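In what follows, every heavy atom counts, from backbone to side chain, and hydrogens, waters and symmetry copies are set aside. Everything numeric in this text was worked out from a predicted model, so none of it was measured.
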Amino acid sequence: MPSFDREEIERAFHVYWRAGAVGEDWDAWAERFTEDADYVEHVLGNLKGREAIRGWIKPIMQQYPELYTAYEWHTIDADAGRVIVYMQNRRDHPSGQGTIDFPGVTILDYAGGGLWKREEDFWAVPTAYRTVEEYAEACKLHDPEHREKRTRLHWGNGPEWTQGGRSYAERPRSR
């Protein structure tokens, strides 16, 4: 197993996070994977290869325009070339007060050269389903058009590189 420099893995993770979770540029995010990468999604299905990942992520994210990802923490195992990140899958509450969240964990295996060879996602499935219902009810009660506003008001307390704009339209563009 090749060994990677911790700083290299950290830089690659920042680029990955900024492209996807913050910038929501799913083409740029997909480019962060090797051509033959494995994507393990225990609920929605497994994928093989960068283009399969790209072909899956774009329509799934269009299906949930109100959903964004708030960083909580990550850790790096440089010897294994692995990053583990804990996040909240978040919707701003249509009342303008607070959020509707469900947690997730992603494990990334680094391939070198700024690319990832494997991603495995875990998320709280019963909580996720409950938040869909809670959000739908809150939209009916407070703002039926909220979903299309694509607000991103509560990025959490993570470092600057984990913060995005106040809406999808204000998100940082990939470089």
Side-chain angles (χ1 to χ4, degrees), residues 1-65 67-91 99 101-125 127-128 131 150 152 154-165 168 170-175:
M1 174 184 294
S3 179
F4 299 104
D5 180 71
R6 180 180 194 78
E7 288 76 29
E8 176 185 352
I9 297 170
E10 183 77 32
R11 283 189 306 272
F13 177 67
H14 287 212
V15 171
Y16 160 93
W17 192 265
R18 295 282 304 167
V22 176
E24 298 179 78
D25 180 343
W26 302 113
D27 283 315
W29 178 82
E31 290 299 319
R32 305 308 343 137
F33 290 94
T34 61
E35 289 183 19
D36 63 345
D38 291 309
Y39 195 106
V40 180
E41 216 312 331
H42 295 281
V43 176
L44 302 174
N46 300 339
L47 304 161
K48 180 69 172 174
R50 178 190 297 151
E51 294 313 314
I53 295 167
R54 183 191 323 270
W56 169 78
I57 193 68
K58 291 171 77 174
I60 200 84
M61 296 313 291
Q62 287 175 353
Q63 194 174 353
Y64 300 98
L67 193 65
Y68 62 109
T69 308
Y71 170 94
E72 294 270 348
W73 57 263
H74 77 283
T75 189
I76 295 173
D77 179 344
D79 292 335
R82 181 168 287 155
V83 174
I84 302 169
V85 58
Y86 180 74
M87 70 210 68
Q88 295 297 323
N89 297 281
R90 175 161 288 168
R91 293 173 174 92
T99 62
D101 297 346
F102 65 93
V105 173
T106 291
I107 302 170
L108 294 161
D109 291 332
Y110 191 59
L115 302 178
W116 304 96
K117 63 184 177 182
R118 186 173 189 276
E119 176 168 336
E120 186 169 4
D121 292 341
F122 300 90
W123 43 286
V125 177
T127 305
T131 65
R150 299 175 86 162
R152 277 94 170 100
H154 304 282
W155 287 97
N157 298 319
E160 178 278 327
W161 56 268
T162 68
Q163 306 292 310
Y168 178 82
E170 295 176 19
R171 72 195 186 284
R173 304 293 189 213
S174 296
R175 299 172 205 148

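- Closest of all the heavy-atom pairs between F102 and A124 is CD1-O, 4.4 Å.
- With rounding to the nearest 0.5 Å, the separation of OH in Y16 from OG1 in T106 is 5.0 Å.
- Considering only heavy atoms from C-beta on, R32 comes within 4.5 Å of L115 through its side chain.
- T34 and R50 make their closest contact through O-CB, 3.5 Å (heavy atoms, listed as atom of the first residue, atom of the second, distance).
- Side-chain atoms of R152 do not come within 3.5 Å of backbone N or O of G165 as any donor-acceptor pair.
- Closest of all the heavy-atom pairs between N89 and G104 is ND2-N, 3.9 Å.
- The side-chain heavy atoms of L44 and Y39, taken from C-beta on, include no pair separated by under 4.5 Å.
- Under the 4.5 Å side-chain criterion, counting only non-hydrogen atoms from C-beta, E24 is in contact with W26.
- Taking NE2 of H42 as the reference point, atom CD of E120 lies at 3.5 Å (rounded to 0.5 Å).
- Summarising the geometry, atom CG belonging to N46 is positioned 10.0 Å from atom CH2 belonging to W56; distances are rounded to the nearest 0.5 Å.
- The 12-atom threshold is not exceeded at CD of E35, counting heavy atoms of other residues, nucleotides or ligands nearer than 6.0 Å.
- With sequence neighbours left out, T162 forms a side-chain contact (heavy atoms from CB on, under 4.5 Å) with W17, Y71, P159.
- For the pair D38 and K117, the salt-bridge criterion is not met [side-chain N within less than 4.0 Å of a carboxylate O].
- Here the side chain of R6 pairs a donor or acceptor atom with the backbone of I76 at under 3.5 angstrom.
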- Query: Given the rule in the side-chain contact (heavy atoms from CB on, under 4.5 Å) test, do R54 and E31 qualify, once you have shown the distances and angles that lead to the verdict?
  - Reply: CA-CA 8 Å; R54 183 191 323 270; E31 290 299 319; 2.3 Å; yes
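- A salt bridge does not link E8 to R11: none of the charged nitrogens lies less than 4.0 Å from a carboxylate oxygen.
- Among residues two or more places apart in sequence or in another chain, the side-chain hydrogen bond (donor to acceptor under 3.5 Å, both in side chains) test is passed with W123 by E41.
- Contact between V22 and G164 at its shortest, heavy atoms only, is CG1-CA, 3.7 Å.
- With sequence neighbours excluded, the residues satisfying side-chain contact (heavy atoms from CB on, under 4.5 Å) with Q163 are W155.
- The nearest pair of heavy atoms linking A21 to T69 is CB-CB, 3.9 Å.
- The pair D25-R18 does not meet the salt-bridge criterion, since no charged nitrogen lies less than 4.0 angstrom from a carboxylate oxygen.
- Counting only distance, with no hydrogens or angles, the side chain of R171 and the backbone of G23 share a donor-acceptor pair below 3.5 Å.
- A ring pair (Phe, Tyr, Trp, His ring centres under 6.0 Å) with F13 is found for one member of W73, W161, F4 and no other, namely W161.
- For the side-chain hydrogen bond (donor to acceptor under 3.5 Å, both in side chains) with D101, the lone residue among R91, R90, H154 that qualifies is R90.
- Here E10 contributes atom CD and D5 contributes atom CG; the two are 11.0 Å apart, rounded to the nearest 0.5 Å.
- To the nearest 0.5 Å, atoms CD (E170) and CZ (R150) are separated by 13.0 Å.
- When atom types are taken as modelled, the side chain of K48 and the backbone of D36 share a donor-acceptor pair closer than 3.5 angstrom.
- Residues R82 and I107 share a closest heavy-atom pair of CD-CG2, 3.5 Å.
- Between W116 and V83, some side-chain heavy-atom pair lies under the 4.5 Å cut-off.
- To the nearest 0.5 Å, atom CD1 of residue I57 and atom CG of residue L47 are 9.0 Å apart.
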